[in-house]
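Written out below as structure tokens is the structure these notes cover.
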Amino acid sequence: MDIRTPDDREPRVTAPPTALPAPAVGECVLCYVDRMLERFGCDTTLRWACRWRDVRLPGATGLERRLGARGGFCDCEIFLNGWGLRPDLQVPGEDGEPIWPAPRPPCAGVGRRSSQGCANWEPRRRPRW
Ligand SMILES: [Zn+2]
Ligand SMILES: [Zn+2]
């Protein structure tokens with residue numbers, strides 16, 4: 001077995017010990033991060049976004065910068081500030097407000113070399129700083 005020692009600039013203090021769920025084949029970064037946040041929450045870093053990148057597209061070194069440019073400095077901020085589920089995919093509850101957390105549609109999929117979100121997500125117009 002080959003034990004990987006990632007050459008990180010920042011130590012991953014709270015990295016969970018073993019086998020983390022990996023992104024599914026063709027799953028986009030946003031669907032993966034969203035799925036992981038629901039199960040494991042945010043540790044105030046981009047750990048899931050970085051994990052997606054490490055597994056799927058190690059060459060996408062601009063990912064954090066691109067997420068940060070939209071206010072996503074940790075995994076949950078990606079969705080608070082950067083991208084939201086497309087309105088027509090949200091299921092309204094009894095009070096007419098979208099249910100949160102909304103039931104997620106399956107990832108619409110992205111190309112193997114894309115670090116963009118799939119068609120399920122759209123950029124938020126006004127960042128909520
Ligand atoms: Zn967060
Ligand atoms: Zn997706």
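As the structure is a prediction and not an experimental result, all values here were calculated from the model. Atoms within a ligand are numbered from 1 in the order they appear, just like the ligands themselves.
The closest donor-acceptor contact from the side chain of D75 to the backbone of T44 lies at 3.5 Å or more, if one exists at all. Checked by atom type and distance alone, the side chain of W83 never pairs as donor or acceptor with a backbone atom of N120 at under 3.5 Å.
Closer than 2.8 Å to the Zn ion (ligand 1) sit the protein N, O or S atoms C42 SG, C74 SG, C76 SG. Shown are the protein N/O/S atoms under 2.8 Å from the Zn ion (ligand 2), given by residue and atom: C28 SG, C31 SG, C107 SG, C118 SG.
R124 and N81 make their closest contact through CB-O, 3.7 Å (heavy atoms, listed as atom of the first residue, atom of the second, distance). The minimum heavy-atom distance linking R53 with T61 is given by the pair NH1-CA, 3.9 Å. Scanning both residues, F73 and G68, for their nearest heavy atoms gives CZ-O, 3.2 Å. Shown here for L30 and F79, the closest heavy-atom pair between the two residues is O-CZ, 3.2 Å.
Placement of V55 and Y32 in two distinct hydrophobic clusters is found when ILVMFWY residues are connected by side-chain heavy-atom separations under 4.5 Å, directly or transitively.
Evaluation of the side-chain contact (heavy atoms from CB on, under 4.5 Å) rule for R86 yields D88, L89, A119, E122 as partners, not counting sequence neighbours.
Under the salt bridge (charged side-chain N to carboxylate O under 4.0 Å, His left out) criterion, the residue pairs touching residues 19-30 are E27-R35, with sequence neighbours excluded.
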